[in-house]
Number of protein chains: 2
Amino acid sequence: MAGAAAALRERGLPLTVQRRRLLERFLLCTDHPAAETLYADVAPLVPGLSRATVYRTLETLVELGLAVRIGHPGWEVRYDPRIERHHHLVCDGCGAVSDHESAALDALRPPRRIAGFAVRDFSVQFRGLCVCCTRLRSKRAPHTR
Amino acid sequence: MAGAAAALRERGLPLTVQRRRLLERFLLCTDHPAAETLYADVAPLVPGLSRATVYRTLETLVELGLAVRIGHPGWEVRYDPRIERHHHLVCDGCGAVSDHESAALDALRPPRRIAGFAVRDFSVQFRGLCVCCTRLRSKRAPHTR
DNA sequence: ATTCATGCAAAGTGTTTGCAGTATC
DNA sequence: GATACTGCAAACACTTTGCATGAAT
């Protein structure tokens, strides 16, 4: 919390009541909440809190490097006609998805069971930046997303 | 395509014009299309094609085991104040998705780079049957989905 | 003839944006 | 007092659903 407040100050960003309350709650979360969840938790403490503020605050935190985004807004489900086990490289920059075959990963044997869940197969999703997007980033000032 | 047609017939599902065209196109795709993309590609060939049909067809293919879904419908972006990764258990039976935290997986260090792709993080998707569905299967006749 | 798929349009989520007003620095 | 944030409501993107019609077996 202290670190977060400092990070905001450093950028000249006001520490509003809404942000303080959201931070207090968010930084304790261990369950990677969605915006809606955080809104539900904090709204009772901040009369009139708007969902938009929650969304905006969370994105600000990501920009400040105080939070990690899991997934991307506006990202659709994609489908793959290849059903054999294979893995994916998902670009955080442009959304491109490419396949990745790996003997090493294929050699792994997943656990049969995870907390009652009967595991049948697995696949790994690597997130990062594709070649094109890497090139773009290195030119301009580094800037998240 | 032949295999797909057979799979449909086996289940007594009609091979409609729309499905045929969608299949013809989809099975050739190597770029993990989203529903919208497939719609754009096929709509010119099937006058009056509806988006709903595309969505429904793709989900049918997943149920038949002819396609895999990358991502989950209705999934919101989640945020994490710890820079910690987490994984997913996806039930082939009911489609439920639950989170899975694993110290062992967290300890893994992904490669920095895969064929030019700058890896930032990864997450593992385990597919199988959740507790409820496992119970159902063991009682009733096995029934894929 | 039966069964299931389709199109349409409406509704449902999750998220973003423009704007006028307001709090923070 | 300047700047940036907030709430509101409307817009937006993606996806699902109900229903009457129509097509495949």
Side-chain angles (χ1 to χ4, degrees), chain A residues 4-23 32-64 67 69-79 94-95 97 145, chain B residues 4-23 26 32-40 42-64 66-67 69-79 94-97 145:
Chain A
L8 285 167
R9 213 170 305 126
E10 207 165 283
R11 300 278 191 104
L13 301 181
L15 179 55
T16 62
V17 179
Q18 292 84 342
R19 281 182 177 161
R20 196 195 335 270
R21 290 278 124 75
L22 284 167
L23 275 168
H32 32 272
E36 179 62 31
T37 314
L38 197 60
Y39 171 76
D41 287 353
V42 176
L45 308 175
V46 182
L49 178 67
S50 158
R51 258 169 257 266
T53 298
V54 179
Y55 280 98
R56 287 189 280 228
T57 301
L58 285 169
E59 282 305 307
T60 302
L61 294 181
V62 171
E63 276 165 33
L64 293 176
R69 185 175 36 225
I70 304 171
H72 257 301
W75 271 24
E76 337 83 346
V77 175
R78 286 155 168 267
Y79 295 87
C94 63
V97 180
R145 182 189 156 123
Chain B
L8 285 168
R9 214 172 303 123
E10 210 166 279
R11 297 285 189 100
L13 300 181
L15 180 55
T16 61
V17 180
Q18 291 84 341
R19 280 182 178 163
R20 197 192 338 271
R21 290 277 125 75
L22 285 167
L23 276 167
F26 177 60
H32 321 83
E36 179 64 30
T37 314
L38 199 58
Y39 171 76
V42 177
L45 308 174
V46 182
L49 178 67
S50 158
R51 258 169 258 265
T53 298
V54 178
Y55 281 98
R56 285 188 281 228
T57 301
L58 285 169
E59 283 305 308
T60 303
L61 293 181
V62 172
E63 280 167 30
L64 292 176
L66 296 171
R69 190 178 25 229
I70 305 173
H72 316 285
W75 259 38
E76 336 87 344
V77 175
R78 285 156 164 264
Y79 295 87
C94 61
V97 180
R145 179 197 145 125

Counting any heavy atom closer than 4.0 Å, what does A:Arg56 reach on the DNA or RNA strands: base, sugar-phosphate only, or nothing?
base
If you only use heavy atoms from C-beta on, which nucleotide in [options] is closest to the side chain of [X]?
X       : options              : result
B:Ala35 : D:dA4, D:dT15, D:dT6 : D:dT15
B:Thr16 : D:dA4, D:dT17, C:dA5 : C:dA5
B:Ala52 : D:dA24, D:dT6, C:dC8 : C:dC8

Rounded interatomic separation in angstrom, taking [atom1] from [X] and [atom2] from [N]:
X       : N      : atom1 : atom2 : value
A:Arg9  : D:dT3  : CZ    : P     : 21 Å
A:Leu23 : D:dC5  : CG    : P     : 13 Å
A:Arg51 : C:dT17 : CZ    : C1'   : 16 Å
A:Arg78 : D:dA13 : CZ    : P     : 17 Å
B:Tyr39 : C:dG7  : OH    : C1'   : 10 Å
B:Leu49 : C:dA9  : CG    : C1'   : 16 Å
A:Ile70 : C:dT15 : CD1   : P     : 12 Å
A:Leu15 : C:dC25 : CG    : P     : 6 Å

Can you tell me which residue among A:Val46, A:Leu49, A:Thr53 is in a side chain to side chain contact (heavy atoms under 4.5 Å, CB included) with A:Tyr39?
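That would be A:Leu49.
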Would the distance check show the side chain of B:Arg19 and the main-chain N or O of B:Pro14 forming a donor-acceptor pair, the cut-off being under 3.5 Å?
yes
Got a donor-acceptor contact below 3.5 angstrom from the B:Arg78 side chain to the A:Ile70 backbone?
no
Using heavy atoms to find the nearest nucleotide of DNA chain C for B:Val77 and B:Thr53 separately, return the residue whose nucleotide is more 5′.
B:Thr53
DNA chain C: A:Gln18 or B:Leu22, which has the more 5' nearest nucleotide?
B:Leu22
Please check the phosphate of [N] (OP1 and OP2 only) for any side-chain N or O of [X] closer than 4.0 Å.
X       : N      : result
A:Arg19 : D:dC5  : yes
A:Ser50 : D:dC8  : no
B:Tyr55 : D:dT16 : no

Indicate the atoms forming the closest heavy-atom contact of B:Ala7 with B:Leu64, along with that distance.
O-CD2, 4.4 Å
When rounded to the nearest 0.5 Å, the distance separating CG of B:Leu58 from CG of B:Leu66 is 11.0 Å
